[in-house]
There are 2 protein chains.
Amino acid sequence: MGHERATLADVARRAGLSKTAASMVLNGREGTRLSAEAHQRVFAAAEELGYRPNVAARSLRTRKTATIAFVSDIVATTRFAGGLIRGALDAARERDHVLLITETQGDATFERYAIEAILDRQVDGVIYAAMATRRLAVPPAILGGSVVLLNATSPESLPCVLPDDEGAGAMVAETLLAHGHRDRIALIGRNRPKERDPEISLAADARLRGIRATLAAAGVSLLAEGFCPEWLPEHGYAAMRTLLDRPTRPTAVICMNDRLAFGAYQALGEAGLTIPDDLSVISFDDDPIAAWLRPGLSTAALPHEQMGRRAVEVLLDGGAGGASFVPMPLRRRRSVAAPAG
Amino acid sequence: MGHERATLADVARRAGLSKTAASMVLNGREGTRLSAEAHQRVFAAAEELGYRPNVAARSLRTRKTATIAFVSDIVATTRFAGGLIRGALDAARERDHVLLITETQGDATFERYAIEAILDRQVDGVIYAAMATRRLAVPPAILGGSVVLLNATSPESLPCVLPDDEGAGAMVAETLLAHGHRDRIALIGRNRPKERDPEISLAADARLRGIRATLAAAGVSLLAEGFCPEWLPEHGYAAMRTLLDRPTRPTAVICMNDRLAFGAYQALGEAGLTIPDDLSVISFDDDPIAAWLRPGLSTAALPHEQMGRRAVEVLLDGGAGGASFVPMPLRRRRSVAAPAG
DNA sequence: CCACGTCGCTAAACTGATTTAGCAGAGCAT
DNA sequence: ATGCTCTGCTAAATCAGTTTAGCGACGTGG
């Protein structure tokens with residue numbers, strides 16, 4: 001921009017009308033009695049001057065900023081965040097809004113700071129996101145405005161957007177059943193009650209619920225449940241090894257996420273077993289690594305983009321009050337086959 | 001916030017002073033002749049009322065918004081973006097600024113839209129980020145304000161922040177030399193000239209430059225250069241296999257990034273070779289997967305957080321005019337050892 | 001005693017939009 | 001001629017700050 005920006009007053013002057021008229025025309029106000037000719041003159045003037053309203057001035061008066069705050073505990077930095085943000089960004093753009101991003105890093109001071117920055121800027125709404133599905137304490141200061149929780153729930157029963165982990169669990173179990181697996185399906189990644197990480201337990205519980213219910217409906221129950229303190233490859237590796245030491249080897253293994261599955265792949269590789277011929281593996285998340293593994297890992301994808309998108313929709317279009325579940329589509333790759341023999 | 005926010009006028013009234021006085025005190029203006037007592041009264045009043053200035057009103061007058069736009073072609077969605085954003089977020093917070101995030105997705109319409117949104121909001125500066133180091137066409141509209149390129153360069157010779165790929169190349173080569181590797185060092189991931197992907201070629205060239213220069217200084221040259229159309233695991237896998245088919249097997253392999261290295265690991269695993277006993281592997285990026293591989297992959301880390309941070313620093317603190325290189329630290333894990341026998 | 005400078009502070013303008021209140025003129029009925 | 005409504009438009013207030021210009025009191029030197 002070399003020269004100054006045109007203001008509403010410039011537009012009005014050029015159109016030979018008042019600022020009031022120009023404002024009303026440009027905002028498409030109903031019920032105004034301005035002539036068709038006045039409309040045309042204003043539009044023409046605005047066009048010629050390349051007029052764009054000054055957001056600060058407008059929001060000073062209207063208290064609307066066309067801005068959404070995206071507050072996350074620690075999301076923005078993780079791989080999982082990317083999709084959430086991208087989806088939110090897309091949906092926001094479609095509604096002429098913009099995203100202000102903040103991270104609390106789980107630190108109370110940073111959180112307070114972030115909330116203040118948000119309140120100072122009078123954002124139109126807040127998306128409060130958590131890195132992993134969990135229960136969140138929402139700072140009361142932002143409860144005044146509209147808030148949507150993303151990948152989290154809260155005691156305040158605010159609207160929230162969650163992945164349909166239970167449905168995904170059902171689908172995963174269904175898939176194994178459909179391939180003919182029955183009594184020798186094992187699971188890797190259940191948390192020991194004492195070690196339950198609040199950050200993953202909600203997702204874990206829901207997935208497990210879906211799995212168990214579906215298997216039970218087919219008269220099947222899990223052969224074994226490998227416990228893992230966390231969901232990292234090394235834990236999947238260890239769990240897989242102990243699983244292989246058992247007298248009856250499973251025909252299929254459900255991993256609670258792709259990192260565990262990666263560890264399981266490593267253990268199977270070392271044991272000289274082939275996926276899916278000797279053993280099928282299926283998992284959750286659709287981490288990029290799932291596509292890179294050999295063979296590709298079948299997994300129920302966390303629909304990050306859809307979730308980010310939905311959060312904005314609920315916030316701006318005023319969706320349902322309660323929880324909004326986004327389906328987790330199954331990515332079918334080569335890691336699942338019929339059991340040997 | 002149950003009740004209304006206090007305004008400057010409220011503070012002034014409570015302090016028994018004018019808005020002017022309150023404004024000057026709170027902004028710490030030098031050269032004003034307000035008494036020490038006046039200062040105290042204003043501070044006390046502001047404190048008691050929990051006063052926070054209205055950003056819209058302030059920026060209407062000052063044309064400063066304490067907001068930085070983070071525009072990326074496609075960054076925000078990728079894993080690489082996370083660190084950039086997080087670093088920028090931290091540095092921005094330290095300077096009482098906030099980040100407005102936008103994505104162009106490489107689409108001209110989206111880009112125009114993003115630029116307009118940014119100009120409308122009168123951001124104080126723009127960080128223009130690219131997903132992979134490359135040359136970028138900066139839209140002229142934002143050249144009026146201050147711009148910093150992140151992970152990209154441009155013909156306009158704007159200030160930019162880049163990873164020190166050449167230094168990393170040198171360090172990687174140095175590391176192999178230090179372990180005793182000499183004439184049997186191979187490379188995976190060079191691009192064929194025709195297939196050069198503009199998105200990665202800059203980084204690739206710099207890394208290669210560093211590698212070659214360091215080896216040359218030791219009187220060594222690369223045993224072989226495995227070409228790869230892209231930098232994905234499958235290409236690393238293929239390149240490693242053809243490398244193993246050669247008469248003289250390398251003692252060490254440099255992969256141009258961790259995904260290629262992952263593919264190389266897979267090929268080595270299938271060939272029954274052990275890392276690092278039979279062959280050392282070293283790489284670039286420090287993708288999360290590098291830590292998950294068995295053995296852990298030694299790799300020169302892309303310092304995303306530092307880069308994001310530096311971008312904000314250059315933008316706000318007015319750093320050097322030219323390019324600012326951020327060192328890539330080597331993450332030493334277990335994939336490098338002395339050559340066998 | 002007056003001119004002048006300094007001190008401590010304030011009134012009012014200003015930023016660029018939205019919104020309220022209301023004005024002038026035309027048309028119509030009485 | 002008067003009162004009424006309706007039409008098409010505008011003046012001015014408002015949002016919450018920052019900034020400019022300047023006012024009254026006091027001290028001082030001539």
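Quick caveat, the model's predicted, so the values are computed rather than measured.
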For this session: Determine, step by step, whether B:L302 and B:M328 satisfy the side-chain contact (heavy atoms from CB on, under 4.5 Å) criterion, reporting the C-alpha distance in whole Å, the side-chain angles of both residues, the deciding distance to 0.1 Å, and the verdict.
Result: CA-CA 6 Å; B:L302 275 176; B:M328 296 176 61; 3.7 Å; yes

Problem set entry | Residue list, side chain to side chain contact (heavy atoms under 4.5 Å, CB included) with A:E94, at least two apart or on another chain | A:R309

Distance-only check: which donor-acceptor pairs under 3.5 Å involve side-chain atoms of residues 57-66 of chain A, not counting sequence neighbours?
residue : atom : partner : partner atom : Å
A:S59   : OG   : A:V55   : O            : 2.7
A:S59   : OG   : A:A56   : O            : 3.4
A:T62   : OG1  : A:R58   : O            : 2.9
A:T62   : OG1  : A:K64   : N            : 3.2
A:R63   : NH1  : A:Q122  : OE1          : 3.2
A:T65   : OG1  : A:Q122  : O            : 3.0
A:T65   : OG1  : A:D124  : OD1          : 3.2

Exercise. Between A:E37 and A:S35, do the side chains contain an N or O donor and an N or O acceptor separated by less than 3.5 Å?
Worked result: no

Exercise. Which nucleotide of DNA chain D is the first, and which the last, in the 5' to 3' direction, to come under 4.0 Å of a heavy atom belonging to chain B?
Worked result: D:dA16 to D:dT20

Exercise. On DNA chain C, which is the earliest and which the latest nucleotide, 5' to 3', with an atom closer than 4.0 Å to a heavy atom of chain A?
Worked result: C:dG16 to C:dT20

For this session: Quick one: do A:R14 and A:R41 satisfy side-chain contact (heavy atoms from CB on, under 4.5 Å)? Show the steps, please.
Result: CA-CA 8 Å; A:R14 183 169 189 115; A:R41 289 220 307 274; over 6 Å; no

Exercise. Can you name the residues that form a side chain to side chain contact (heavy atoms under 4.5 Å, CB included) with B:P329, not counting sequence neighbours?
Worked result: B:A301, B:P303, B:R331

For this session: Report the residues that fulfil side chain to side chain contact (heavy atoms under 4.5 Å, CB included) with A:A69, sequence neighbours left out, ordered by chain and then residue number.
Result: A:V71, A:I118, A:V123, A:V126

For this session: Validate the cation-pi geometry between B:R5 and B:Y51: distance from NZ or CZ to the six-membered ring centre under 6.0 Å, angle to the ring axis within 45°.
Result: no

Exercise. Under the salt bridge (charged side-chain N to carboxylate O under 4.0 Å, His left out) rule, what pairs show up with a residue in residues 15-24 of chain B, not counting sequence neighbours?
Worked result: none

For this session: Taking atom CD of A:E116 as the centre, report whether more than 12 heavy atoms of other residues, nucleotides or ligands fall under 6.0 Å from it.
Result: yes

Problem set entry | Test side-chain hydrogen bond (donor to acceptor under 3.5 Å, both in side chains) applied to B:E47 - qualifying residues, sequence neighbours left out | none

Exercise. Looking only at heavy atoms, what is the nearest atom pair of A:L162 and A:A152, with distance?
Worked result: CD2-N, 3.4 Å

Exercise. What are the residues of residues 40-68 of chain B, sorted by number, that bring a heavy atom to within less than 4.0 Å of DNA chain C?
Worked result: B:L60, B:R61, B:R63

For this session: For the helix from C:dC1-D:dG30 to C:dT30-D:dA1, measure the angle between the helix axis at one end and the axis at the other, each built from five pairs, rounding to 10°.
Result: 80°

For this session: Please step through side-chain contact (heavy atoms from CB on, under 4.5 Å) for the pair A:S23 and A:L8, ending with a clear verdict.
Result: CA-CA 7 Å; A:S23 172; A:L8 184 65; 3.8 Å; yes

Exercise. Which residues in residues 13-31 of chain A have at least one heavy atom lying under 4.0 Å from any atom of DNA chain C?
Worked result: A:K19, A:T20, A:S23, A:M24, A:N27, A:R29

Problem set entry | Worked check of side-chain contact (heavy atoms from CB on, under 4.5 Å) between A:I101 and B:F70 | CA-CA 10 Å; A:I101 301 211; B:F70 187 103; over 6 Å; no

For this session: Return the set of residues passing side chain to side chain contact (heavy atoms under 4.5 Å, CB included) with A:S157 (not counting sequence neighbours), or none when no residue passes.
Result: none

